[in-house]
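Worth knowing before you read on, the calculation uses all heavy atoms, side chains too, and leaves out hydrogens, waters and symmetry mates. In the text below, chain A, chain B and the rest are named by the order of the sequence lines, each starting its count at 1.
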Amino acid sequence: MREAEAGDAPRFLDRLRAGEASAFEELVTTYQHRVFGVALRMLGNAAEAQDVAQEAFLRAHRALGEFRGDAKLSTWLYAITSRLCLNRLASGERRLVRQGEETLLRLADDRRRPDAALERSELESALARAIAELPEERRIVVVLRDIEGLAYEEIAQALDLELGTVRSRLHRARADLKDKLERFLP
Amino acid sequence: MTCDDARESLSALLDEALTPDERRAVESHLEGCPECRRELEGLRETVALLHRVSPAHAPAGFVDRVVAAAQPTPWYRRVFFPLWAKLPVEATAVVMVALLAVYTFQRTPALQQAARYEAPAPSGRAETPAPLGDVRKEQEATPALRGAPPLALGARSAERGRDATVARESKRPTESAPAAAPPPVASPSPAVRAPAPPSVPAPATPAPPPAQSGEAPATARGDAPPMAKTEAPAAKSAAPAENVAGPARPETDARRQALDRAGGASRVAPTVPGVAAKRAPPSADVVARVAVKDRDAAERELASLIARVDGRQTQRRREDDATVVEALIPQSRYAEFSRALADIGPWRVEAERPDLPSQVHVILRLE
């Protein structure tokens with residue numbers, strides 16, 4: 001098992017803080033898909049998600065020396081990524097790429113052959129669309145919880161929210177999604 | 001608990017994120033509320049769907065890109081590569097080089113003089129005596145550097161006169177070069193052995209060896225330096241050839257042929273200004289280098305040797321790495337002189353006239 005997979009092994013953290021290039025590479029290798037996934041679900045555009053994911057790792061790289069270990073390394077990375085995504089979504093430039101958010105839908109289709117799992121692909125497209133249509137503050141919560149699997153406490157920490165706020169936003173997000181995905185429900 | 005209160009907690013109930021008290025209260029409500037139970041089931045199914053979302057994958061090469069981007073930028077890239085730094089630095093450098101070039105040109109009459117020589121049409125050169133006068137004046141004013149000017153003088157004279165004389169010379173079958181060169185600058189050499197030009201304004205001091213002129217600090221003089229400065233190094237190697245500016249005779253030896261060619265060039269005046277300078281005759285009969293360990297001692301021994309063979313030392317000049325001695329040795333004693341010279345140090349003839357005159361003009365470079 002890689003050290004980064006072990007999460008916050010003290011020795012790995014020490015290597016990271018010491019600026020060891022191989023440790024940082026291990027960190028990126030381990031968390032790249034998760035960080036990129038959050039950015040993609042939030043932004044809906046693969047190129048933009050890649051930019052944000054890279055920026056998230058670079059910021060982490062710069063701030064590793066200050067990482068005290070109060071939160072898990074993964075939570076810290078999610079926090080950086082979430083903040084970058086929300087900032088970008090709130091910025092004016094973001095409006096220019098809104099039209100590209102259909103990428104999110106294509107993403108689901110790209111990964112499997114249509115003839116093999118047409119139904120599943122359709123579901124994923126619907127899921128992606130439904131998630132993309134959520135308000136941003138709810139979307140990030142449901143992405144972190146139901147796709148990335150973070151605990152409520154971790155989400156609260158990453159987003160700097162009260163636990164009750166996390167619960168409330170998550171519930172509303174799920175309720176929205178339930179309505180949008182009703183046709184896929186039994 | 002109302003349905004609204006209960007539904008607020010249904011999501012947390014699914015995630016087992018309720019406190020025991022909250023959980024009991026919600027479960028109690030659900031037992032009596034089919035609507036809320038359906039809502040709970042709908043949420044459970046929705047969460048199950050969300051769990052089926054395929055995980056995203058970062059694009060190939062993402063790790064490499066991130067790691068590369070995280071590498072610290074080398075100092076030279078920080079300094080030279082950013083456009084904001086590079087452009088001003090380069091622009092400043094270009095401007096400074098340009099200013100330096102202009103400044104150098106303005107402050108160095110030698111360069112201007114050189115440019116002036118290049119500019120006029122060839123036919124006009126022979127009729128322009130002014131630079132020559134300047135050269136002479138400079139020579140007189142700079143005794144320490146007196147050794148070098150004759151070379152420049154000769155070179156320039158030849159250059160100026162070349163176009164005027166080329167035609168004449170080309171028609172002459174004989175090699176009466178000095179006479180053919182335009183007076184008063186045809187032969188800057190005092191040690192002319194062949195038909196001496198009637199109006200030779202030759203300096204009192206013998207022409208220096210080529211090396212001498214090459215190493216003279218040409219920039220210290222006014223007009224004179226241009227030639228010496230820019231062309232002296234070439235003169236150093238080419239000049240020995242000028243020593244054979246005497247009568248022509250069939251030569252088979254390659255070196256002699258080369259010398260002859262060079263000598264001929266100077267006699268008939270070269271067609272290229274640069275070549276003229278390079279081939280300026282030092283007017284010596286023998287040019288040799290003597291490798292000595294102790295220059296002072298060698299100078300004394302040489303002086304003594306010259307006296308012994310009834311010769312006359314005409315000039316001695318000390319340079320940084322050599323002492324140049326010029327002497328006139330009676331031809332009858334030259335053999336003896338050359339033998340004895342070997343005692344001072346191993347020596348090597350760089351140029352030698354095939355027919356030595358009665359007074360052999362020898363330039364020795366003790367180094």
>> Would you say CG of D21(B) has more than 12 non-hydrogen atoms from neighbouring residues, nucleotides or ligands within 6.0 angstrom?
In response: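 Atom CG in D21(B) is crowded, with more than 12 foreign heavy atoms closer than 6.0 Å.
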For a quick test of reading the model, state the closest non-hydrogen atom pair linking [X] to [Y] and the distance between them.
| X | Y | value |
| --- | --- | --- |
| A70(B) | H61(A) | O-CE1, 3.5 Å |
| A175(A) | L43(B) | N-CD2, 3.8 Å |
| F36(A) | A56(B) | CD2-CB, 4.2 Å |

To the nearest 0.5 Å, how far apart are [atom1] in [X] and [atom2] in [Y]?
| X | Y | atom1 | atom2 | value |
| --- | --- | --- | --- | --- |
| H57(B) | Q32(A) | NE2 | CD | 9.5 Å |
| E45(B) | L181(A) | CD | CG | 11.5 Å |
| K180(A) | L49(B) | NZ | CG | 14.5 Å |

>> Any salt bridge linking E39(B) with K178(A)? Criterion: basic side-chain nitrogen under 4.0 Å from a carboxylate oxygen.
In response: yes
>> Under a 3.5 Å distance rule, please check whether Q50(A) uses its side chain to pair with a backbone N or O of P59(B) as donor and acceptor.
In response: no
> Is any side-chain heavy atom of V66(B) less than 4.5 Å from a side-chain heavy atom of F24(A)?
Replying inline: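 Side-chain contact under 4.5 Å: yes.
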> Any side-chain heavy-atom pair from S54(B) and E124(A) closer than 4.5 angstrom?
Replying inline: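 Result yes, sub-4.5 Å side-chain heavy-atom pair found.
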>> Please classify the contact between R172(A) and chain B as side chain, backbone, both or neither, with a heavy-atom cut-off of under 4.5 Å.
In response: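 Side chain only.
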>> Is L177(A) close to chain B through its backbone or its side chain, or both, or neither, when contacts mean heavy atoms under 4.5 Å?
In response: both
> Taking G19(A), A39(A), G37(A), A53(A) one by one, which has the highest count of heavy-atom pairs under 4.5 Å against chain B?
Replying inline: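 Top option by heavy-atom pairs under 4.5 Å: A53(A).
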> Just by distance, with hydrogens left out, do R174(A) and S11(B) show a side-chain donor and acceptor under 3.5 Å apart?
Replying inline: yes
>> salt bridge (charged side-chain N to carboxylate O under 4.0 Å, His left out), that's the test. Do R167(A) and E8(B) meet it? Break it down for me.
In response: CA-CA 8 Å; R167(A) 254 166 62 171; E8(B) 281 288 323; over 6 Å; no
> Can you name the residues of residues 141-158 of chain A that have some heavy atom under 4.5 Å away from a heavy atom in chain B?
Replying inline: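 Result: V142(A), R145(A), D146(A), I147(A), Y152(A).
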> Run the side chain to side chain contact (heavy atoms under 4.5 Å, CB included) check on F184(A) and T46(B) step by step: do they pass?
Replying inline: CA-CA 9 Å; F184(A) 294 100; T46(B) 302; over 6 Å; no
>> Does F62(B) form a side chain to side chain contact (heavy atoms under 4.5 Å, CB included) with V28(A)? I'd like the steps, not just the answer.
In response: CA-CA 9 Å; F62(B) 178 77; V28(A) 179; 4.2 Å; yes
>> Just so I understand: if I count every heavy-atom pair under 4.5 Å between each of L50(B), L14(B), L10(B) and chain A, which residue has the most?
In response: L50(B)
